[in-house]
Amino acid sequence: MPILLKDKKLLFITVFLFFLFLSGILSFIFHGTLITSYFFHDLDDSFMDLFNSIYNENKTLGIYPALAIIPYRILRLFVPLDFWKQNLPPRENAFLLRASLYGAIFLLIHILVFIQAFMTVLTKKIGTKTCKDILLISCSVLSGPVLYSLQRGNNIIYAMLFSLLFFVLKDSKSRLYRELSLICLAIAVCLKIYPAVFGLCLLKDKQWKSAIRCIIYGFIMFFLPLVFFNG
């Protein structure tokens, strides 16, 4: 037990695997009915943040900043114009997309690009020298917040990815990587506003100039994509 408490990696892995095993047992006992306590309560709405956004974020700015909407508009360009049913409401068209081959490909791209990038960054940060390192990476990828976000199809996973890149690169010896870390944080903020709180790390370390440059990058990332939108 003392070794377990001293080794943070081993402690995290042990706790994670215990609750994963417990969740599996409970799911078996209750025939999967408890899955809604782990994922979004409406299982029929799985991945719909992605498909709703592809359909809805089309003509004008919507609920996301411009930078976050651009990927959805690019994906929509791959869908034939006659695919959409004008007599159906937006939500039904989004469900139609999810049930199609186009939707399956979009979802595959959405998940695989994130998983590949996420595991690459974790491998860079944690390493793969020991079995414990590999288990830690696997547990991180299979953690509740990640699986929940993937089940929603929400772009929060990419905000998390760029936030993670910020922490991996910000203390690098390379000036280029340190500057890239500021750009990554700016991108994360323009996808979801709350990663802005991580800017406090720069203020805590008294990196005043870096904080100012990060704010400038944020304004650029926020306003520059607006040139691609009408109105």
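Values below: all heavy atoms of this structure, side chains included; hydrogens, waters and symmetry mates excluded. Index from 1, following the sequence.
For the residue pair Tyr72 and Asn155, the shortest heavy atom distance occurs at OH-CB, 3.5 Å. Residues Phe40 and Gln151 come closest through the heavy atom pair N-OE1, 3.1 Å. The shortest heavy-atom contact between Ile137 and Gly127 is CD1-O, 3.7 Å. Taking every heavy atom of both residues into account, Val189 and Pro195 meet most closely at CG2-C, 3.8 Å.
Dense packing is recorded around CZ of Phe83, with more than 12 heavy atoms of other residues, nucleotides or ligands lying under 6.0 Å away. By the 6.0 Å contact criterion, CG on Leu200 is enclosed, its count of non-hydrogen atoms from other residues, nucleotides or ligands being greater than 12. Remark: Lys132 NZ is packed, more than 12 non-hydrogen atoms of other residues, nucleotides or ligands lying under 6.0 Å away.
If you look at Phe78 and Tyr102, their ring centroids are not closer than 6.0 Å.
The OG atom of Ser140 sits 8.5 Å away from atom CD1 of Ile13, with the distance rounded to the nearest 0.5 Å. One distance of note links CG of Leu122 with CD1 of Ile134; it measures 13.0 Å at 0.5 Å rounding. Atom SG of Cys214 sits about 9.5 Å away from atom CD of Glu179, to the nearest 0.5 Å. Atom CZ of Phe198 is separated from atom OG of Ser181 by 13.5 Å, given to the nearest 0.5 angstrom. In this structure, Leu185 CG and Tyr217 OH are separated by 12.0 Å, a value rounded to the nearest 0.5 Å. One finds the OG1 atom of Thr130 at 8.5 Å from the CG atom of Leu135 (value rounded to the nearest 0.5 Å).
With sequence neighbours excluded, no residue forms a ring pair (Phe, Tyr, Trp, His ring centres under 6.0 Å) with Phe222. A search for side-chain contact (heavy atoms from CB on, under 4.5 Å) contacts involving Phe30 returns Leu26, Thr33, Leu34, not counting sequence neighbours.
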Step by step, would you call Leu97 with Asn93 a side chain to side chain contact (heavy atoms under 4.5 Å, CB included)? CA-CA 6 Å; Leu97 177 61; Asn93 267 299; over 6 Å; no
Would Ile157 and Lys192 satisfy side chain to side chain contact (heavy atoms under 4.5 Å, CB included), going step by step from the backbone distance to the final call? CA-CA 10 Å; Ile157 57 176; Lys192 297 287 183 181; over 6 Å; no
Between Val146 and Ser149, does the side chain to side chain contact (heavy atoms under 4.5 Å, CB included) criterion hold? Intermediate values first, please. CA-CA 5 Å; Val146 172; Ser149 301; 5.9 Å; no
List the steps and the verdict of side chain to side chain contact (heavy atoms under 4.5 Å, CB included) for Leu142 and Phe16. CA-CA 10 Å; Leu142 296 174; Phe16 180 91; 4.1 Å; yes
Under 3.5 Å, which donor-acceptor pairs do the side chains of residues 159-172 form with other protein atoms, sequence neighbours left out?
| residue | atom | partner | partner atom | Å |
| --- | --- | --- | --- | --- |
| Ser163 | OG | Ala159 | O | 2.7 |
| Ser172 | OG | Ser174 | N | 3.1 |

Distance-only donor-acceptor hits, side chain of residues 104-115, under 3.5 Å, sequence neighbours excluded:
none

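In this structure, Phe18 and Thr14 have side chains that are not in contact, with every pair of non-hydrogen atoms separated by 4.5 Å or more. Using a 4.5 Å heavy-atom threshold, the side chains of Ser210 and Leu182 count as touching. A 4.5 Å side-chain heavy-atom check between Tyr194 and Ile156 finds at least one atom pair inside the cut-off.
A continuous path of hydrophobic side-chain contacts links Phe19 to Ile29 [ILVMFWY only; heavy atoms under 4.5 Å]. Note on Leu101: it clusters hydrophobically with Phe47, by side-chain heavy-atom contacts below 4.5 Å among ILVMFWY residues. If you chain together hydrophobic residues whose side chains sit under 4.5 Å apart, Val197 and Ile183 fall into the same group. Note: the hydrophobic cluster containing Ile70 does not contain Leu77 (ILVMFWY, side chain heavy atoms under 4.5 Å, direct or indirect links). Put simply, Met48 and Tyr148 are part of two different groups of oily side chains (I, L, V, M, F, W, Y) that touch within less than 4.5 Å, one to the next.
Cluster partners of Leu88 are absent, since no Ile, Leu, Val, Met, Phe, Trp or Tyr has side-chain heavy atoms less than 4.5 Å from it. Ile212 shares a hydrophobic cluster with Ile216, Ile220, Leu224; the chain of contacts runs through ILVMFWY side chains whose heavy atoms sit under 4.5 Å apart.
A cation-pi arrangement is not found for Arg98 relative to Phe51, the charged atom failing to lie both closer than 6.0 Å to the ring centre and inside a 45° cone about the ring normal. A cation-pi arrangement is present between Arg76 and Tyr55, with the terminal nitrogen or guanidinium carbon under 6.0 Å from the aromatic centre and inside a 45° cone about the axis.
One finds no salt bridge joining Lys125 and Asp133 here, because no Lys/Arg side-chain nitrogen approaches an Asp/Glu carboxylate oxygen to under 4.0 Å.
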